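I have placed the structure first, in the form of structure tokens, so that the comments after it can refer back to it.
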Amino acid sequence: MVPVPRPGGAVMRFLGDVLAWFTTAGNWRGNGGIVHRLVEHLGMSASATLTALLVALPIGLLLGHTGRGGLVAVNLSNVGRAIPSFALLVFGAQIFGVGAVPAYLALVALAIPPVVTNAYTGVREVDRDVVEGARGMGMGEAQILFRVELPVAVPLVMAGVRTAGVQVVATATLAAVVGWGGLGRFVVDGLAQGDRVKLFAGALLVAVVSMLTEAALGWLQRALTPAGLRLPARSERRVSLLPGAAAAPEAG
């Protein structure tokens, strides 16, 4: 009697292989292990995001406060969305060679547009009557920006930071293509070696890290937002760069 294959048997065997891969101690240790790759991935993502914040936040806040450069902010956002991340990596590799440098520069470039645009939009959306009232009370421009406009703009500013952070973590996976490490190494090596288990496990790790990053930055966004300005969690997820940023900036 010929045995009848059980539906889903191949899938279950594959998932069993993936589970075995994760429970093999050797896959967690050493320079090529999960722990090392995870530290690489998070370290590169954090440094690139922080660099982008240092560059982009002052620009976005200043443009928003002065009301000038709206066209720059919108165009920067559009360019940031139009250029594929992979193209940035390849372009960087052509200039700086393979390794960490092109990956770092590409991730910084990827993170800047949402931060600039959201910071600009957040400040410009502050009620102008409130700003003029603060000015009439004798507050200086720096006081108006940091004590009036920025606290009100925090939800939208943090939405830009959240968008940038999650994009960077997800895109850092592609950096393995230009010779860097990180969790994308498992995906690229698995693809090159025809090892479907390693490929799937790497993709699963990237997905989990991206979701945890989204959750952590969402918590940070709520923690930094004044209580009176907090939106319900479901609405906060909808506040991203695109809806507010595309509509609000005024060409200046």
Side-chain angles (χ1 to χ4, degrees), residues 30-57 59-60 71-119 160-214 217 240-242 245-246:
N31 289 336
I34 295 173
V35 174
H36 180 77
R37 295 301 186 197
L38 178 62
V39 171
E40 276 185 332
H41 199 100
L42 293 179
M44 173 66 83
S45 300
S47 60
T49 303
L50 288 175
T51 303
L53 291 181
L54 290 175
V55 173
L57 262 183
I59 295 174
L71 190 59
V72 174
V74 172
N75 287 334
L76 187 60
S77 173
N78 291 337
V79 169
R81 280 182 282 163
I83 298 178
S85 307
F86 184 72
L88 282 175
L89 286 167
V90 173
F91 185 67
Q94 293 299 316
I95 298 176
F96 301 102
V98 298
V101 174
Y104 172 77
L105 294 177
L107 293 175
V108 171
L110 178 71
I112 285 177
V115 178
V116 169
T117 310
N118 272 43
V161 175
R162 186 174 173 181
T163 300
V166 174
Q167 281 182 339
V168 165
V169 169
T171 307
T173 309
L174 296 175
V177 175
V178 294
W180 185 66
L183 294 175
R185 196 73 263 162
F186 297 122
V187 177
V188 172
D189 289 349
L191 194 61
Q193 298 163 2
D195 187 340
R196 294 192 309 132
V197 172
K198 180 185 286 188
L199 173 63
F200 183 86
L204 188 60
L205 284 168
V206 172
V208 170
V209 170
S210 296
M211 287 189 289
L212 291 177
T213 302
E214 161 71 11
L217 291 177
S240 62
L241 158 69
L242 307 181

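Everything numeric here is computed off the predicted structure, so don't read it as measured data.
For the side chain to side chain contact (heavy atoms under 4.5 Å, CB included) test, no residue two or more places apart in sequence or in another chain qualifies with Leu54. For Val208, the side chain to side chain contact (heavy atoms under 4.5 Å, CB included) partners two or more places apart in sequence, or in a different chain, are Leu212. Remark: Ile34 engages Trp21, Phe22, Trp28, Phe186, Leu205 in a side chain to side chain contact (heavy atoms under 4.5 Å, CB included) (not counting sequence neighbours). A search for side-chain hydrogen bond (donor to acceptor under 3.5 Å, both in side chains) contacts involving Gln167 returns nothing, not counting sequence neighbours. Remark: Asp189 pairs with Arg185 by the salt bridge (Lys or Arg N to Asp or Glu O under 4.0 Å) rule, at least two apart or across chains. With sequence neighbours excluded, the residues forming a side chain to side chain contact (heavy atoms under 4.5 Å, CB included) with Leu217 are Arg162, Val166, Thr213, Leu220, listed by chain and number. The side-chain hydrogen bond (donor to acceptor under 3.5 Å, both in side chains) search around Thr51 returns Tyr104, not counting sequence neighbours.
Residue pairs meeting the side chain to side chain donor-acceptor pair (under 3.5 Å) criterion with at least one member in residues 33-46, sequence neighbours excluded, are His36-Glu40, Arg37-Glu40. Listed by first and then second residue, the ring-ring contact (aromatic ring centres under 6.0 Å, His included) pairs that reach into residues 189-212 are Phe14-Phe200, sequence neighbours excluded. Residue pairs meeting the side chain to side chain donor-acceptor pair (under 3.5 Å) criterion with at least one member in residues 171-184: none, sequence neighbours excluded.
Separation of atoms OG1 (Thr49) and CG (Leu53) is listed at 6.5 Å; rounding is to 0.5 Å. Annotation: the span from Leu105 atom CG to Ile95 atom CD1 amounts to 9.0 Å, rounded to 0.5 Å.
No side-chain heavy atom of Val187 sits less than 4.5 Å from a side-chain heavy atom of Leu191. Here the side chains of Leu183 and Val209 are in contact, with some heavy-atom distance below 4.5 Å.
Closest non-hydrogen pair, Asn118 versus Gly160, comes out as ND2-N, 3.0 Å. Ala48 approaches Leu107 most closely through the heavy-atom pair CB-CB, 3.6 Å. Residues Ala111 and Ala52 share a closest heavy-atom pair of CB-CB, 3.5 Å. Across all non-hydrogen atoms, the minimal contact from Ala175 to Ala103 is CB-CB, 3.6 Å.
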